[in-house]
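What's counted below: heavy atoms across the whole structure, side chains too, no hydrogens, waters or symmetry copies. None of these values were measured; they are calculated from a predicted model.
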Amino acid sequence: MAVLLVAVLLIAGLVLLKHFLAQRRLKNFPPGPPRLPLLGSLPFIPGSLIHLHAEEHWRRRYGPVVGLTTGSSQTLIVVCGAEEVLSILNQEHSQMRPAGTVKLRSFGKSLGLMFSDGAYWTEQRRFTLRELRDLGLGKSKLGDVILDEAEATLDAMERDGPAVEPNKLFNAPVLNVLWYMVSGRPFARPTAEGLDPKSQRLLHIMNKAMRNKRLATAPCDIWPVLRYIAPEWSGYNEIYPPIFEVQAFLRDEIKQQRSDDVHSSFMSKYCQEIDKAQPGSSFTEESLITTCLDLFMAGGESTANTLSFCLMYMAMYPDKQAKVHAELDAAGREPGDIVPLSDKARLPYLEATLAEVMRVNTIAPLAIPHRNSEDVEMNGYTIPKDSMILISLWSVLNDQKHWGDPEVFRPERFIDASGKYVKDPWMIQFGQGKRVCIGEAFAMQVAFSFFANLMNRFKYSLPAGAERPSTIPVAGFTVCPQDFTVIATRRK
Ligand code: HEM
């Protein structure tokens with residue numbers, strides 16, 4: 001018993017010593033919630049919607065740069081003031097990703113686009129941007145696939161409506177368009193019997209992979225050994241097996257593309273790079289799988305959730321909705337006609353409404369965690385090298401000084417005196433700088449085409465007697481609206 005007591009005291013003493021030494025090394029560290037031995041600030045970090053907690057509590061108490069630790073020594077910084085956010089996004093040394101972040105999802109290595117950095121990331125990002133542009137963006141075939149998916153969604157709404165649940169509507173069509181972009185082969189159009197079986201399977205496993213709220217902040221990501229000791233509690237069982245299923249799905253498709261001798265898809269172009277790669281090249285099958293996973297994870301839910309929010313705000317603000325409809329009518333479209341992307345210049349209010357939905361509902365409120373490769377000075381504090389930095393894009397999109405009335409849904413803020421849509425440089429929902437979203441143009445093309453067609457075919461209202469839906473989002477990898485229903489009535 002005495003031996004046990006001595007051992008416990010010894011371990012406790014070592015933990016305290018390690019904590020004390022780690023804290024002493026943090027010179028001029030930004031203020032923030034308490035940092036406890038072993039756990040650091042973890043007990044004070046909310047499980048979700050950290051950006052709202054930062055705005056309501058931390059910023060008032062500690063200022064716009066908040067210092068925390070996870071464990072005794074891993075430093076975590078939350079930047080939640082507009083000016084500080086704009087500064088750090090363009091800070092050369094803050095464009096890395098946290099070392100070791102979620103390597104479990106990429107074969108134990110830093111692969112793909114979202115969580116890698118350095119020379120590997122530069123080469124992969126350049127290749128992906130070039131190929132996606134060459135293969136799809138702005139090309140009429142991609143535009144046709146998008147309109148086809150939009151039309152199929154509208155038909156399904158008409159068939160199953162008038163009451164529709166927007167959170168269930170858009171994941172499948174957006175994923176199908178992403179699939180086309182990556183594989184070069186669209187899924188078969190959905191019928192009354194349902195989705196193409198392959199599309200259905202991809203949707204099912206992606207939904208499972210996306211619905212965890214803790215990727216990168218779960219205990220198993222912070223202390224990887226926990227996956228063996230406490231796979232359930234540490235979040236491992238929730239997060240990783242679905243990701244492994246998506247990897248297996250992608251591996252099968254790569255094999256299929258090789259055997260079908262496909263030449264003109266993102267996957268096949270990537271395979272060509274693998275085939276001519278020298279030893280040590282960044283082009284490998286594991287890398288391709290992780291890049292595809294990144295495109296689905298970063299692109300699917302974010303775009304689908306934006307569309308759900310669009311329907312929510314249209315049902316909540318009938319006066320704004322009427323202006324969108326009036327504009328579509330004035331542009332010469334009959335209700336129910338398909339609206340092509342080329343109509344965009346004639347639909348500034350619709351574009352402004354989409355922008356305002358994206359502003360009030362910042363889909364990725366904390367971007368993707370950054371890391372600084374050197375000590376960085378900010379507001380008189382030092383952000384130590386290799387900190388994980390959470391950057392609140394939300395604080396820029398909701399900044400009182402810049403927007404005046406950020407809490408008000410007002411698409412008119414993007415319309416100038418001559419009635420034209422004007423882009424505001426503070427609209428940084430896709431980030432800014434070196435790490436800016438790779439899929440911005442794609443997301444805007446899909447969101448515009450879907451939104452314009454959703455509006456041209458239907459009018460949206462809340463069900464009779466229903467309460468206004470809550471605008472507090474549900475956190476996931478990106479935020480989505482709480483479940484709600486709207487009535488979609490065909491316009492005459
Ligand atoms: C409304 C839709 C979308 C929003 C709001 C959005 C927003 C963002 C944000 C805020 C970041 C992080 C920037 C940073 O860390 O500083 C990001 C990164 C990324 N996004 Fe998007 N995104 C959207 C759609 C898409 C789509 C459709 C794709 C794929 C086609 C995509 C692919 C990526 C990738 C690969 C990254 C990582 C880039 C890197 O680290 O180099 N996103 N996105």
Step by step, work out the side chain to side chain contact (heavy atoms under 4.5 Å, CB included) result for Leu154 and Glu158.
CA-CA 6 Å; Leu154 298 172; Glu158 200 154 348; 5.8 Å; no
Checking side chain to side chain contact (heavy atoms under 4.5 Å, CB included) for the pair Gln429/Leu393: CA distance, chi angles, key distance, verdict?
CA-CA 7 Å; Gln429 71 274 27; Leu393 303 180; 5.9 Å; no
Over 60° means perpendicular and under 30° means parallel, so classify the ring planes of Trp179 and Phe249, tilted if in between.
perpendicular
Backbone N or O of Pro384 within a donor-acceptor pair of the Asn372 side chain at under 3.5 Å?
yes
Check: Asp416 side chain, Ser418 main-chain N or O, donor-acceptor pair, under 3.5 Å
yes
Closest non-hydrogen atom pair, Ile77 against Pro30
CD1-CG, 4.1 Å
Please check if the side chain of Arg435 supplies one atom and the backbone of Gln95 the other of a donor-acceptor pair under 3.5 Å.
yes
Checking Arg359 against Phe309: charged group under 6.0 Å from the ring centre and within 45 degrees of the axis?
no
Do Ile472 and Leu49 come close enough that some side-chain heavy atom pair is under 4.5 Å?
yes
Nearest non-hydrogen partners of Ser265 and Ser183, listed with the distance
CB-O, 3.1 Å
Lys434 and Asp117 ion-paired at < 4.0 Å
no
If only atom types and distance count, is the side chain of Thr303 paired as donor or acceptor with the main-chain N or O of Ala443 below 3.5 Å?
no
Between Tyr120 and Ser287, is any side-chain donor less than 3.5 angstrom from a side-chain acceptor?
yes
Minimum heavy-atom separation for Met455 and Tyr460, please, with both atom names.
SD-CE1, 3.9 Å
How are the rings of Phe409 and Tyr313 set relative to one another: parallel (under 30°), tilted (30 to 60°) or perpendicular (over 60°)?
tilted
Under 3.5 Å, is there a donor-acceptor pair between the side chain of Asp424 and the main chain of Trp426?
yes
In short, Val182 meets Phe296 closest at the heavy-atom pair CG2-CE2, 4.1 Å
Is there a donor in the side chain of Glu285 and an acceptor in the side chain of Tyr270, or the other way round, less than 3.5 Å apart?
no
Under a 3.5 Å distance rule, please check whether Gln482 uses its side chain to pair with a backbone N or O of Ser470 as donor and acceptor.
no
On a heavy-atom basis, which atom in Gly433 and which in Asn90 lie closest, and how many Å separate them?
CA-OD1, 3.8 Å
Tell me whether Gln247 contacts the main-chain N or O of Ile289 through its side chain, where contact means a donor paired with an acceptor under 3.5 Å.
no
Pairing residues for His93 by the ring-ring contact (aromatic ring centres under 6.0 Å, His included) criterion, not counting sequence neighbours
none
State plainly whether the residues Arg185 and Asp260 are in salt-bridge range, i.e. N to O under 4.0 Å.
yes
Residues that Asp329 engages under salt bridge (charged side-chain N to carboxylate O under 4.0 Å, His left out), provided they are two or more places apart:
Arg491
Taken in chain and number order and not counting sequence neighbours, the residues that satisfy ring-ring contact (aromatic ring centres under 6.0 Å, His included) with His370 are none
Regarding Ser116 and Gln124, is there a side-chain donor-to-acceptor distance under 3.5 Å anywhere?
no
With a 4.5 Å heavy-atom cut-off, do His325 and Met314 have their side chains touching?
no
Going through the distances and angles, do Leu347 and Val339 end up as a side chain to side chain contact (heavy atoms under 4.5 Å, CB included)?
CA-CA 10 Å; Leu347 301 170; Val339 184; 4.0 Å; yes
Tell me whether Thr362 contacts the main-chain N or O of Met358 through its side chain, where contact means a donor paired with an acceptor under 3.5 Å.
no
Using a distance-only test with no angle check, is there a side-chain donor-acceptor pair under 3.5 angstrom linking Glu151 and Asn453?
no
Heavy-atom closest contact (Asp399 atom, Ala82 atom, distance)
OD1-CB, 3.6 Å
Under the criterion side chain to side chain contact (heavy atoms under 4.5 Å, CB included), I'd like the reasoning laid out for Thr306 against Phe451: C-alpha separation, chi angles, the key distance, then a yes or no.
CA-CA 10 Å; Thr306 300; Phe451 185 44; over 6 Å; no
When you measure from the side chain of Asn456 to the backbone N and O of Ala452, does any donor-acceptor pair fall under 3.5 Å?
no
Is a salt bridge present between Glu356 and Arg410, judged by a nitrogen-to-oxygen distance below 4.0 Å?
no
Verify, without hydrogens or angle tests, whether Asn171 (side chain) and Ala304 (backbone) share a donor-acceptor contact under 3.5 angstrom.
no
